[in-house]
Amino acid sequence: MSASVRTRFAPSPTGDLHIGGLRTALFQWAFVQANGGQIVLRIEDTDRDRYAEGSIESIYEGLRWLGIEWDEGPDVGGPHGPYVQSGRLDRYHAAAAELRARGRAYHCFCPPERLARLRKDQEADRQPTGYDGRCRDIPVAVAEGRARSEPSAVRFRMDRSGVTTLSDLIRGRVTFENALQDDFVILKSGGFPTYHLAMLVDDHEMEITHVIRAEEWLASAPRHLQLYEAMGWSPPRFAHLPLLVDSAGRKLSKRDGDVAALDYRDRGYLPEAMLNFLAFLGWSLDDKTSHISRTEFARVFSLDRVVPNPAFFDTDRLDALNGHYIRSMPSALWRETVATWLDRDLPRDAPRPLDPVLVATLAPLLQERIVRLDELAGLVRFLFDDLPDYPTSLLVERIGGDVELALRALDAALDAVEGVDAVAWGPATVEAALRSLQDTLALKLRKFVSVLYVAVMGAPRGIPLFESVALLGRERTLARLRAAREQLT
RNA sequence: GGCGCGUUCGUCUAGAGGCCCAGGACGCCGCCCUUUCAAGGCGGAGAUCGCGGGUUCGAAUCCCGCACGCGCUACCA
């Protein structure tokens, strides 16, 4: 029996759920699933200035989108609540007091201006930046007195001798020189804790055994380790995941856009695709597997197989995955999906509700032609709308600019379509008529059909022609062929 | 500047001394199929494993140095 593990996803409600955060949560979730254990969702809202309305909902939604469930959290409850840090202030104060009682923390009265100047001077002198310890040796009795009337923060007294060594589950041993550490703030003057104190208290109380977080936290690990030591608590295991980076190799940030997890959902990416994409960013199963189901991932995931180097967030790959999962959707589900997205994206004046028979006809034609769901409407719009203007050059683009051939094709098509009886109109008769053009023009269909595609749909690519024409109807088809003809002359 | 982490095809990665003159996937290119476009099938190009030393009969794999990239360096997380 393997010991039960507990990990936590601890996002800050400072904006929409970030794609990097989603990857972290996914790995935590898979880790817990694979090892038998629980995952705790904890909202870290200790930064009052950056709090963003609605971000907690965005977090819930983003996680559930990928099928990530948590065992304890603000919405589902649990024995270690509250699960929002702003509701746990008394515990942080108690811990800070305990640390002060043990001589491991002290009041700091340095105003922000002094700290800013200090940092500036240190930078100018090319010295390492960090707190200079000005308030460290104020006698406790004096400090206690001042703290009652003066604003103060509480700093942790780092042990500056020797080294602190972290045994990271992904990177192995990482050693930090303690002399290079400074006394950092654990309790802000406003009474809120910093991340360091809050995670110490919460992870301990919530019995977290594994802290899985991104590499940006690696440098602060010695602080956390010393904090645990000072409290006499045994620290959890740490695993620092590789960063997700942009094409320039920088940490993916909100400035780059395209990092809000739910935006991907709204642009028509399937959760299966996103899960696969994220799963293989920094992790792999073996030398063969390139697709994995959610349940399989949750079964085989292992931190041993997470690599330490950063991964580029390559959306080409995401697109390929999405196309793959779209194509593998069962037809009934696919039909429903098409209906939903067409309803969402088709112009308002298209008839609603959409004709289910029409959707059923369209769906299979669309399934292997798109990569994102938001492309759906664009491919069938020509059935509902008048054709928007298209450049004339589009008509002859694929036939080497041969205007004369295009004209002949259009004329022949006009004849052929006119020859189809309105009563007999349908995919079969349309196909027969259009195929006969091969004989009239003494040319393979593929040598000139692109002209007809453009004339009918306004684009050189799209769903198959015969079906399109059948769906469009006789009169509208004739009108579009004539319009194309006119445009060419 | 300091500290830390990282470095295998364009990209994500496999690789834990000989199976590797390096495997898979995405992307790219070509052919086939075909009513355009896709999809599908088949094939191809693509990595002197960052550089330089060493250890070893043998190194992508171990050691040392260097370079480069990134992260952190807040009373943000």
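Note that the structure is a prediction, hence the values are computed from the model and not measured. Naming convention: chains lettered A, B, ... in sequence-line order (proteins, then strands); numbering from 1 in each chain.
Between the CZ atom of A/R88 and the CZ atom of A/R42 there is a distance of 7.5 Å, given to the nearest 0.5 Å.
One finds a side-chain N or O of A/K251 lying less than 4.0 angstrom from the OP1 or OP2 phosphate oxygen of B/C72. Taking only side-chain nitrogens and oxygens, A/R435 comes nearer than 4.0 Å to OP1 or OP2 of B/U35. At B/U13, one or more side-chain N or O atoms of A/N309 fall inside 4.0 Å of OP1 or OP2 (strictly under the cut-off). Listed pair A/R327 / B/A38 fails the phosphate criterion, with no side-chain N or O lying under 4.0 Å from OP1 or OP2. Between A/R398 and B/U36, a side-chain N or O to OP1/OP2 separation shorter than 4.0 Å is absent. In this model, the phosphate group of B/A14 is approached by a side-chain N or O of A/S284 to a distance below 4.0 Å at OP1 or OP2.
For B/A67 and B/C28, the C1' atoms lie 31 Å apart once the distance is rounded to whole Å. Only the C1' atoms considered, B/A39 is 11 Å distant from B/U34, to the nearest whole Å. A gap of 33 Å separates the C1' atoms of B/C66 and B/A74, to the nearest Å. Taking the C1' atoms as reference points, B/A77 lies 38 Å from B/U61, given to the whole Å. Going from the C1' atom of B/C63 to that of B/C21 covers 25 Å, rounded to whole Å. When the P atom is used for both B/A14 and B/U8, the distance is 11 Å, rounded to whole Å. On the C1' atoms, B/G65 is 36 Å away from B/A45, given to the nearest whole Å. Across the P atoms, B/G44 and B/G23 are found 12 Å apart, a figure rounded to whole Å.
When Watson-Crick and G-U wobble pairs are counted only if both distances are under 3.5 Å, B/G30 pairs with B/C42. Partner assigned to B/G1 is B/U73, using Watson-Crick or G-U wobble distances below 3.5 angstrom. Across the strands present, B/G6 finds its partner in B/C68; the criterion is a Watson-Crick or G-U wobble pair with both atom distances under 3.5 angstrom. When Watson-Crick and G-U wobble pairs are counted only if both distances are under 3.5 Å, B/A59 pairs with no nucleotide at all. In this structure B/A14 sits in no base pair that meets the Watson-Crick or G-U test at under 3.5 Å.
Between B/A25, B/U13, B/G6, one nucleotide has an atom nearer to the side chain of A/R317 than all others, and that is B/A25. Checking B/U11, B/G23, B/G71 against every side-chain atom of A/E216, the shortest atom distance belongs to B/G71.
Within the nucleic acid shown, A/T175 comes within 4.0 Å of sugar-phosphate atoms alone, with no base atom in reach, counting heavy atoms only. Nucleic acid contact class of A/W283 (heavy atoms, under 4.0 Å, all strands): none. Contact annotation for A/G282: backbone-only contact, meaning every heavy-atom pair under 4.0 Å involves sugar-phosphate atoms and none involves a base. No contact: A/V245 has no heavy atom under 4.0 Å from any strand.
Annotation: cation-pi geometry not satisfied between A/R446 and A/F448 (NZ/CZ under 6.0 angstrom from ring centroid, within 45° of ring axis). In this structure, A/R267 forms a cation-pi arrangement with A/Y264, its terminal cationic atom sitting closer than 6.0 Å to the ring centre and no more than 45° off the ring axis.
In this structure, CG of A/L180 is placed 20 Å from P of B/G71, rounded to the nearest angstrom. With rounding to whole Å, A/W334 atom CH2 is found 13 Å from B/A38 atom C1'. The CG-P distance, from A/L241 to B/A77, rounds to 20 Å in whole Å. Between the CG atom of A/L285 and the P atom of B/G15 there is a distance of 10 Å, rounded to whole Å. The distance from atom CG of A/D16 to atom P of B/A77 is 19 Å, rounded to the nearest whole Å. Remark: C1' of B/U7 and CZ of A/F312 are 17 Å apart, rounded to the nearest angstrom. Look at NE2 on A/H224: it is 11 Å from C1' on B/C72, rounded to the nearest Å. Counting to the nearest Å, the C1' atom of B/U11 and the CG atom of A/D319 are 14 Å from each other.
Scanning for side-chain contact (heavy atoms from CB on, under 4.5 Å) contacts around A/V307 gives A/N309, with sequence neighbours left out.
Mapping A/P310 and A/E368 onto RNA chain B by nearest heavy atom places A/P310 closer to the 5' end of the strand. Both A/D316 and A/F313 lie close to RNA chain B; mapped to their nearest nucleotides by heavy-atom distance, the more 5′-ward contact belongs to A/F313.
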Detail all sub-3.5 Å separations between protein N/O atoms and N/O atoms belonging to nucleotides 73-76 of chain B.
{"unit_1": "B/U73", "atom_1": "O2'", "unit_2": "A/T129", "atom_2": "OG1", "d": "2.8"}
{"unit_1": "B/C75", "atom_1": "OP2", "unit_2": "A/R155", "atom_2": "NH2", "d": "3.4"}
{"unit_1": "B/C75", "atom_1": "O2", "unit_2": "A/S189", "atom_2": "N", "d": "2.6"}
{"unit_1": "B/C75", "atom_1": "O2", "unit_2": "A/S189", "atom_2": "OG", "d": "3.0"}
{"unit_1": "B/C75", "atom_1": "N3", "unit_2": "A/S189", "atom_2": "OG", "d": "3.2"}
{"unit_1": "B/C75", "atom_1": "N4", "unit_2": "A/C110", "atom_2": "O", "d": "3.0"}
{"unit_1": "B/C76", "atom_1": "OP2", "unit_2": "A/K188", "atom_2": "NZ", "d": "3.0"}
{"unit_1": "B/C76", "atom_1": "O2'", "unit_2": "A/D47", "atom_2": "OD2", "d": "2.4"}
{"unit_1": "B/C76", "atom_1": "O2'", "unit_2": "A/R50", "atom_2": "NH2", "d": "3.3"}
{"unit_1": "B/C76", "atom_1": "O2", "unit_2": "A/R50", "atom_2": "NH2", "d": "3.3"}

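Exactly one of A/V396, A/L443, A/L410 qualifies for a side chain to side chain contact (heavy atoms under 4.5 Å, CB included) with A/L405. That residue is A/L443. Tested against A/W283, the residues A/F297, A/F277, A/F31, A/F27 include a single ring-ring contact (aromatic ring centres under 6.0 Å, His included) partner, A/F297.
Between A/F156 and A/H196, the gap from one ring centroid to the other reaches at least 6.0 Å.
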Checking A/R157 against A/Y106 for the side chain to side chain contact (heavy atoms under 4.5 Å, CB included) test, could you report, in this order, the C-alpha distance in whole Å, the side-chain angles of both residues, the deciding distance, and whether it holds?
CA-CA 7 Å; A/R157 191 189 300 273; A/Y106 59 89; 3.9 Å; yes
Let's go through A/L66 and A/L278 carefully: what are the C-alpha distance in whole Å and the side-chain angles of both, what is the deciding distance for side chain to side chain contact (heavy atoms under 4.5 Å, CB included) to 0.1 Å, and is it a yes or a no?
CA-CA 10 Å; A/L66 286 204; A/L278 260 18; 4.0 Å; yes
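For A/H291 (side chain) and A/A273 (main-chain N/O), no donor-acceptor pair under 3.5 Å exists by modelled atom type. Remark: side-chain polar atoms of A/R369 are paired, donor with acceptor, to backbone N or O of A/L365 under 3.5 angstrom. Between the side chain of A/W334 and the backbone N or O of A/A363 there is at least one donor-acceptor pair closer than 3.5 Å.
Within a heavy-atom distance below 4.0 Å of RNA chain B, the residues of residues 456-469 of chain A found are A/P460, A/R461, A/G462, A/I463, A/P464, A/L465, A/F466, A/E467.
Judged by distance alone, with hydrogens and angles left aside, A/R446 brings no side-chain donor or acceptor close enough to the base of B/U35 to form a pair under 3.5 Å. Put simply, the side chain of A/R369 and the base of B/C37 share a donor and an acceptor less than 3.5 Å apart.
The two residues A/P460 and A/E397 have their closest heavy-atom pair at CG-OE1, 4.1 Å.
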